[in-house]
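Let me begin by presenting the structure, written as structure tokens, before commenting on it.
Quick note on labels: first sequence line is chain A, next is B, and so on, each numbered from 1. Not measured: the values here are computed from a predicted model.
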There are 2 protein chains.
Amino acid sequence: MPNEPSPPRRRGAVRTEALLQVTLDLAAEVGYAGLSIEAIARRAEVGKHTVYRRWPTKAALLLDALQRAWATDLDHRDTGDLRADLRERFLRSSSALTEPPIGPVYRAVIAEAQSDPAARATLHERFLRTVETSTLERVTRAQRAGELRADVDLTFAAEVLCGALYYRHLLTPRPVDEVAIDGLLDMFMAAYGSRSRTRRPDAVGG
Amino acid sequence: MPNEPSPPRRRGAVRTEALLQVTLDLAAEVGYAGLSIEAIARRAEVGKHTVYRRWPTKAALLLDALQRAWATDLDHRDTGDLRADLRERFLRSSSALTEPPIGPVYRAVIAEAQSDPAARATLHERFLRTVETSTLERVTRAQRAGELRADVDLTFAAEVLCGALYYRHLLTPRPVDEVAIDGLLDMFMAAYGSRSRTRRPDAVGG
DNA sequence: CCGTGATCAGCACGTATCGTGCCGTTCGGG
DNA sequence: CCCGAACGGCACGATACGTGCTGATCACGG
């Protein structure tokens with residue numbers, strides 16, 4: 001009596017993709033708590049070796065899974081209205097971070113990163129820095145368009161914008177909602193907006 | 001043959017204090033990775049019950065341990081110079097967060113908080129919110145002294161100041177050094193400083 | 001001075017995950 | 001067609017979790 005015709009055993013890159021998807025599914029269903037390598041292997045009907053062969057660390061696996069879910073999140077529009085663009089950008093990022101599958105996987109990566117400096121560096125390099133850079137590009141365009149003061153380097157400003165939102169999302173019970181984003185943009189525009197401002201370069205230099 | 005005169009078995013609050021201290025010591029020596037309840041009980045030469053009787057959760061224990069190490073950190077001066085005061089305050093907080101024992105315990109709490117919403121809320125309520133509030137009080141005094149614009153609510157600004165620093169410390173490989181703090185204060189003063197500014201209330205109100 | 005009850009240390013248990021080793025099977029390229 | 005790489009399944013020792021149980025130890029009231 002032949003077993004049910006077992007699906008052909010997949011290999012290589014296909015397996016890798018499947019494992020990442022299982023990780024995301026599992027994260028969406030049971031949350032960060034259930035994200036063990038054992039559970040992922042069980043769920044994928046796969047030997048643990050098949051996982052360990054591909055990722056040396058749970059952090060590495062989670063980072064790749066996060067990237068898989070991340071892809072859609074970086075095509076932000078440029079309508080010419082800086083404030084509106086940033087607002088939409090931050091709102092969408094907030095939704096992405098809140099909902100599965102990105103939400104749970106993100107929290108798992110944050111947790112891993114606390115005990116693993118290498119994972120922390122990778123997390124920043126591959127994701128947070130990407131967000132900062134994307135934001136910096138947008139505000140730099142605005143600066144060139146005259147919407148922002150021309151006498152400041154906006155690199156740090158971009159970090160503060162992102163950091164304030166990540167702080168609120170990850171470390172406070174407060175929601176990253178329109179109110180929060182508008183407040184943040186108020187602060188940003190008050191500091192760097194160019195319209196009708198009496199600029200005092202010495203107020204920034206030191 | 002009598003054993004070495006075993007030290008009298010301590011109880012109650014004294015034991016509690018000792019356990020918190022062991023947690024901090026262990027965190028300083030082996031870092032977050034070694035902070036299991038088993039390891040703490042072993043190190044304290046204590047049965048695991050003695051730990052579980054006091055704290056229902058590892059998160060609860062870590063939060064209390066953090067508070068024990070935290071105490072010294074909240075007496076910030078008010079010299080009348082807002083910018084200098086904030087600078088010193090943030091520099092000291094940065095040092096505290098970087099060095100043992102607060103550093104490792106803090107990271108442990110952050111990690112726990114990612115899988116436990118209750119721990120996350122408590123973390124914010126007992127520590128992060130305290131920092132925000134302390135900062136808010138200082139900038140509000142400055143506002144009343146005329147150093148800052150009178151037409152804005154600084155609550156959110158205080159959160160952004162703290163959030164930017166915590167973001168950098170916890171989620172990036174960048175150091176929270178003088179350069180970062182000065183950059184942040186530049187932004188803050190540019191947004192809310194009152195000196196020689198042509199204020200435009202409508203730029204903030206919406 | 002003695003007794004009683006709470007607290008304690010030590011040990012054990014069952015469950016879970018980790019990372020690794022081994023075995024026999026299955027797949028795919030040469 | 002055949003060989004080696006990839007695979008699923010199982011087992012292992014180690015560690016941590018949270019919870020029992022036992023008998024010793026301490027604090028307090030009588």
With a 4.0 Å heavy-atom cut-off, tell me which residues in residues 33-49 of chain A come close to DNA chain C, sorted by residue number.
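Here the set is A:Ser36, A:Ile37, A:Glu38, A:Arg42, A:Lys48, A:His49.
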
Do A:Asp153 and A:Thr155 meet the criterion of a side-chain donor-acceptor pair at a distance under 3.5 Å?
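Indeed, the side chains of A:Asp153 and A:Thr155 share at least one donor-acceptor pair under 3.5 Å.
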
Assess the side chains of B:Ser134 and B:Arg89: does a donor N or O sit below 3.5 Å from an acceptor N or O?
yes

I'd like to know if B:Arg107 and A:Asp116 make a salt bridge, using a cut-off of under 4.0 Å between side-chain N and carboxylate O.
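No, no charged N to carboxylate O under 4.0 Å.
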
Distance-only criterion, 3.5 Å: show the donor-acceptor pairs between side-chain atoms of residues 26-36 of chain A and protein atoms not counting sequence neighbours.
residue, atom, partner, partner atom, Å
A:Glu29, OE1, A:Arg43, NH2, 3.2
A:Glu29, OE2, A:Arg43, NH2, 2.7
A:Ser36, OG, A:Ala39, N, 3.0

What do you reckon, is CD of B:Glu99 surrounded by more than 12 foreign heavy atoms closer than 6.0 Å?
yes

Does B:Arg174 CZ have over 12 foreign heavy atoms under 6.0 Å away?
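More than 12 within 6.0 Å, yes.
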
With a 4.0 Å limit, can you tell me whether A:Thr50 has a side-chain N or O closer than that to the phosphate oxygens OP1/OP2 of D:dA6?
no

Phosphate OP1/OP2 of C:dC27: any A:Arg15 side-chain N/O under 4.0 Å
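For C:dC27, neither OP1 nor OP2 has a side-chain N or O of A:Arg15 closer than 4.0 Å.
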
Can you measure [X] atom [atom1] to [N] atom [atom2] for me and round it to whole angstrom units?
X: A:Arg53; N: C:dG19; atom1: CZ; atom2: P; value: 16 Å
X: A:Arg54; N: C:dG19; atom1: CZ; atom2: P; value: 17 Å
X: B:Tyr52; N: C:dA9; atom1: OH; atom2: P; value: 15 Å

